[in-house]
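All chains are named by letter (A, B, ...) in the order of the sequence lines, taking the proteins before the strands, and each is independently numbered beginning at 1. Values below: all heavy atoms of this structure, side chains included; hydrogens, waters and symmetry mates excluded.
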Amino acid sequence: MKRYMYSVLLLSVMLITWEVMARLVDVSFILPSPMQISIKLWELKDVLLQHHLPATFAVISLGLAISLVLGIAIAIAMHYSKVLEQALYPLLITSQTIPIIALAPIFVLWFGYTIWSKVAVTILITFFPITIGMFDGLRSTDKELKELLQTFGLTRSQIFLKLEVPSALPSFFSGLKVAVPMSVIGAAIGEWLGAQSGLGYFSRRMMTQFDGAGVFAPIVILSFVGIVLFIVVLIIEKYFLKWRKK
Amino acid sequence: MKRYMYSVLLLSVMLITWEVMARLVDVSFILPSPMQISIKLWELKDVLLQHHLPATFAVISLGLAISLVLGIAIAIAMHYSKVLEQALYPLLITSQTIPIIALAPIFVLWFGYTIWSKVAVTILITFFPITIGMFDGLRSTDKELKELLQTFGLTRSQIFLKLEVPSALPSFFSGLKVAVPMSVIGAAIGEWLGAQSGLGYFSRRMMTQFDGAGVFAPIVILSFVGIVLFIVVLIIEKYFLKWRKK
Amino acid sequence: QSEGSNDKEQNKYHKMTLMLDWYPNAVHSYLYVAKEKGYFEEEGLDVEFQFPANPTDPLSLAAAGKVTMGMYYQPDVIQAVANEGIPVKAVAAVVRSPLNHIVFRADQPIGNPLELEGKKIGYPGIPLNETIIKTIVENSGGSYEKVDMVNVEFELGSSLVSKKVDAVVGAYVNHEVPQLKSEGHDVGYINPVDYGVPSYYELVAVTSEKTWEKEQKEIEAFWRAARKGFDFMEKNSEEALQILLNQQDEANFPLNKDVEMESINILLPKMKSELGFATQEKSSWEETANWLKDNGLIEEVPNIDELIVNILP
Amino acid sequence: MDKQHDYALQFKDVSFYYNPPQSILDKLSFHINKGEFVSIVGASGTGKSTIFRLLVGLEQPTEGSIFLNGDRETNRLGKVGYMPQKDLLIPWRRVAENVALPLEGKNRDYNKQFVLNRLKDFGLEDVANKYPHELSGGMRQRVSFLRATLTGSNLLLLDEPFSSLDAMTKLYMQEWLLEQWNETKSSIVFITHDISEALFLSDKIFVISDTPIQMIEEIEVPLKRPRNRQQLDEPSLINLKNELINRFKMKVT
Amino acid sequence: MDKQHDYALQFKDVSFYYNPPQSILDKLSFHINKGEFVSIVGASGTGKSTIFRLLVGLEQPTEGSIFLNGDRETNRLGKVGYMPQKDLLIPWRRVAENVALPLEGKNRDYNKQFVLNRLKDFGLEDVANKYPHELSGGMRQRVSFLRATLTGSNLLLLDEPFSSLDAMTKLYMQEWLLEQWNETKSSIVFITHDISEALFLSDKIFVISDTPIQMIEEIEVPLKRPRNRQQLDEPSLINLKNELINRFKMKVT
Ligand SMILES: Nc1ncnc2c1ncn2[C@@H]1O[C@H](COP(=O)(O)OP(=O)(O)OP(=O)(O)O)[C@@H](O)[C@H]1O
Ligand SMILES: Nc1ncnc2c1ncn2[C@@H]1O[C@H](COP(=O)(O)OP(=O)(O)OP(=O)(O)O)[C@@H](O)[C@H]1O
Ligand SMILES: [Mg+2]
Ligand SMILES: [Mg+2]
């Protein structure tokens, strides 16, 4: 891909600068070099991939799944009930302007160090973009098209499935693309606050060991999870919206 | 405002349910009631508003200001240099899919417990939406309008100021509206990680005191800061985009 | 004009930051006395105290040169130096035996470390606590495998009383115990020294090698002032406590006077030394280092002579 | 149901308001015969589209009744072929799937072969599997027209269907429409702003002058079929046209 | 600069390519006299807009030269009045500020009163402080036209300026345009797809048949001025029109 040439170049320059800087400064617990991180990653690959990654992944999947079910349900409910829309929509929007994540520590008190405290943080952070994406999508349905389908005698549920749901997909996927990286961040923050395994937990724990490379290694994997999940969503989106492409 | 009636109603119902639940459960350090939180807020109003709020506010303003300067500069640079755009844009987009916030603890090592560690977290979290908003906005300039202005003999810098900047504003403000609540979250997270004052710091600290109401009280103020900043941006946006309204 | 003279006033003093191990409490009385009574100023020092947001910040920020000194725990200092080569030096021993006790709710008493098997134990993410549990459980003939360790960061007390865990390690006999009691939570505790854990220094002060090179004189001056503070605290513990309590405003960690008084009483014998407050003994460092080595927490015992400096009165 | 004369459609004393005091239709009566091609012309905002909305069942008359094929119908949704001004194809459905929409309303297992045959009749077999955005404007109009015919109704309502086409494509589409009308033998009601278009296409022109609409003036077009465009240049038609144009030279501000 | 005949504009052996092997213009020469109204008609995609892009200076000829008022000009930006197909008003500028754009290019302290006077001349004084989206389509076209005249050039290029107007507004705008042309005495080049429009408006019609454009066929419109629309219904003009229509009945697919 020639168009990414400059990016790859820049990235390489950045990595090399980092490596050189890290070697010059030479305090690996403050600034480990990319090389040290890679080596650490290799050393720890078993424990990270077989123990901590599954724990984090469980949090991410559960959190996203619950957000999806809840968010889509509420979006549809708001779409069909004017009262619900008027009651919920302003609150949803307002909730986005407040640092709701500051509530995360409370979850630890409510759910203890179980997976649910981290799932709750993940839901808290991913619920909004999914709900708003779906709802705005449903609302974006072309009114004239909807009326046209009515004149063809289609029932309300036919119109919902054949017109409104497909109309909502682009906006829904936009929301999902925001939510997916957020879910990784949510899981990591949840794990900082109290956990016994998981990549966020491991990274924080390495901090207490003054192991700089060990702090970065799980972050590299977390980033990788974020990118992979994002690409998965892109692929699903492409499948559903394939009619858009040339 | 009649249209917010249902929201206000729902919010009241939620608060009352919370109050009742909290009284039933009666473990205020896990679930303080809204009443307890209000009382605590009143008791602590001096120290929260005069000591911790200014500290947090300084972080938010500095972080946002630096993000704005940096983000706008980079957006303009990318707009004018194809090479820069090709090098930076994919990296900016990719950086959004990775849990970059997981790097936050490192800042404490780099900057100590100074304001800069928190400012750095805030920049990290607000830089992207501002840059992308501005850049996408500049890019959204109507090509035909631009050509038309060329045919009128306007210079490149005239076209930039009279057409491209105003064209970029809607998208820039969208980015800013995402960034502003983020900045509050960034400051709070930054303060969790190392601070001696600030609302996020105070909340976390009250946690160690089993003081549930004390945990929530600064969060209420943080939320308020988020909402006020958001409204300020809305007002500025309205001023600049007033031609759009009826 | 007055502003100019103010600037000069400040320039006269050498600025120093000390990161405490925790929010200010009785164990820091001598520091606040030294500050309040002007002992630091007499030495030409302008000292600022910081409190950590992260349990490990006092060591890491001291090592990174972001604070002049940090209060830390002897076993953790040894591990950081041995395992990661963190460039720090210990300059003073403040509390000379463990405060870290195993605390449990009195309604579920734990008479013997053996009973920890099958229980959930909260700890603040520091591996040493795992070793303490391991040492006492195994010295009592139990199996560490059967203990469920849970990282709860700083929320030791809240996790215990909210029954998220059955016991916590990392809690201090002089702080969490009286604090929880004063709030009406009945708790009991086990002293790890009774079950095979060496009587290590609970609190030491560390600085980075670089800072030591640059500011040796000032650090020595600091401890001269601190000793004066300690002498005062020993003789007038009530007044010393009052100075500490006066220091706190609502913005700070609110302290309970009775709790802190009890704390001072527990602390004083553990802080006093025949050789002088804050002096260090090489033997203590060696004993602790060997215990850590035996438990696999470090591979090599570091060079103690390089690690510590003994600042004599 | 009252059986009335055998008209394709009939309005009987129909009144209608969007926002009550302001009346759009006021006791309006008119009818259209089976097989007739009628154009409706009138200034902007007088209520032409509103008549269509009533006919297809998207709105209900405040007073009066609407008859389809002689029967009084209150639920008219799905019973009238309607081709809106914009082509309004669903972008994620292929042409064949778009065309089949009226069939899906009635029956989820419609006959796919039937749809393909109709596409062939309309010269659209080559684009059956394309997406709407891959089609030219004229093509899309044809797809939209075919779809309207598949409601099975012999009554087709076309609301300014060609207004967004360029002049050349428009001429072509007009001729194509006449051909289709000839073959399907349906009744067509056609709203337009273009007088030449109305003259070339219709048997009758309905002229609407004022809101609320109380009556419609009907003008017969004095041309035999088949027609060709040159006939529009005959002096009698030029006169009729100029008369109509002058009547509608609205104030353009 | 070579002084040539005193034409308003002249193409001399101009060749042009967007993507080299495929030529759009091939050694094309033509000229337009001062004060003339010329329409360009031709099938879609033949290169009409490209000629305009060359004229206004957005593109440079690969070969050959372009003359404005007899002078060979290489930097033509700002020297020709150009009114694009879409009205292209800047949405956040009021009408008066939009109109002033060509003046801002030359001089940041232009005379505001001058702009207001011109707005008055064009019957736009009432909307001077409105935003474009508050205007009707016809109004916006007039603003766009006025703006084009303010380049100060006596040569105006109009690229299908009325194609998106409804039929009635279009008739009105055509007459308005003729009036303005009469008053400003400028030369106008007008691209359109509408043959009647071309006949009604122009002195000459330039017919483009094929890409690459090698030559332009010029047809004189046999009508005196002032004209009225009825003259288009004279048999000689109907013949000319039908001949042109038949020539351009493009394949519409
Ligand atoms: N949904 C609606 N609610 C309220 N008023 C409406 C609605 N739709 C149309 N109107 C009003 O009803 C009147 C008639 O509108 P209608 O669309 O039928 O006019 P029209 O003759 O089709 O005009 P045009 O030629 O511009 O399409 C107009 O004044 C319009 O503003
Ligand atoms: N920027 C461009 N780059 C490459 N090719 C172009 C560009 N602009 C136009 N073309 C091509 O040049 C040819 C002429 O285009 P032009 O827009 O001049 O046609 P036109 O006669 O104005 O057509 P229309 O009547 O549809 O506006 C077309 O084949 C078009 O695809
Ligand atoms: Mg209409
Ligand atoms: Mg063109």
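Shown here for E/Y131 and B/K242, the closest heavy-atom pair between the two residues is OH-CE, 4.4 Å. The shortest non-hydrogen separation linking E/L77 to B/Q150 is CD2-O, 3.3 Å. Taking all atoms of both residues into account, the shortest heavy-atom contact from B/S167 to E/W92 is OG-CH2, 3.2 Å. Heavy atoms only, all atoms of each residue included: B/F152 and E/T151 are closest at CD2-CG2, 3.7 Å.
Taking the side chain as every heavy atom from C-beta outward, B/D142 and E/I90 never approach each other to under 4.5 Å.
The local environment of CZ in B/F173 is crowded, with over 12 non-hydrogen atoms from other residues, nucleotides or ligands closer than 6.0 Å. The number of heavy atoms from other shown groups lying within 6.0 Å of CZ (E/F30) is above 12. No more than 12 heavy atoms of other residues, nucleotides or ligands lie within 6.0 Å of NZ in E/K120, so this atom counts as exposed by the packing criterion. At most 12 non-hydrogen atoms from other residues, nucleotides or ligands lie less than 6.0 angstrom from CZ of B/F57. For NZ of E/K34, the number of neighbouring non-hydrogen atoms (other residues, nucleotides, ligands) closer than 6.0 Å is greater than 12. Around the NZ atom of E/K204, the shell of radius 6.0 Å holds more than 12 heavy atoms that belong to other residues, nucleotides or ligands.
Between B/L145 atom CG and E/L89 atom CG the span is 8.0 Å, to the nearest 0.5 Å.
Interface remark: B/T151 contributes backbone and side-chain atoms alike to the contact with chain E (heavy atom separation under 4.5 Å). Interface residue E/L58: only side-chain heavy atoms are found under 4.5 Å from chain B. There is no contact between B/I159 and chain E, counting heavy-atom distances below 4.5 Å.
For a heavy-atom cut-off of 4.5 Å, chain B lies close to E/R53, E/V56 in residues 50-57 of chain E. Residue-level contacts of residues 220-236 of chain B with chain E do not occur; threshold 4.5 Å between heavy atoms.
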Quiz item: Checking side-chain contact (heavy atoms from CB on, under 4.5 Å) for the pair B/K146/E/L88: CA distance, chi angles, key distance, verdict?
Solution: CA-CA 10 Å; B/K146 192 170 159 183; E/L88 290 182; over 6 Å; no
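Here the side chain of B/Q158 pairs a donor or acceptor atom with the backbone of E/E104 at under 3.5 angstrom.
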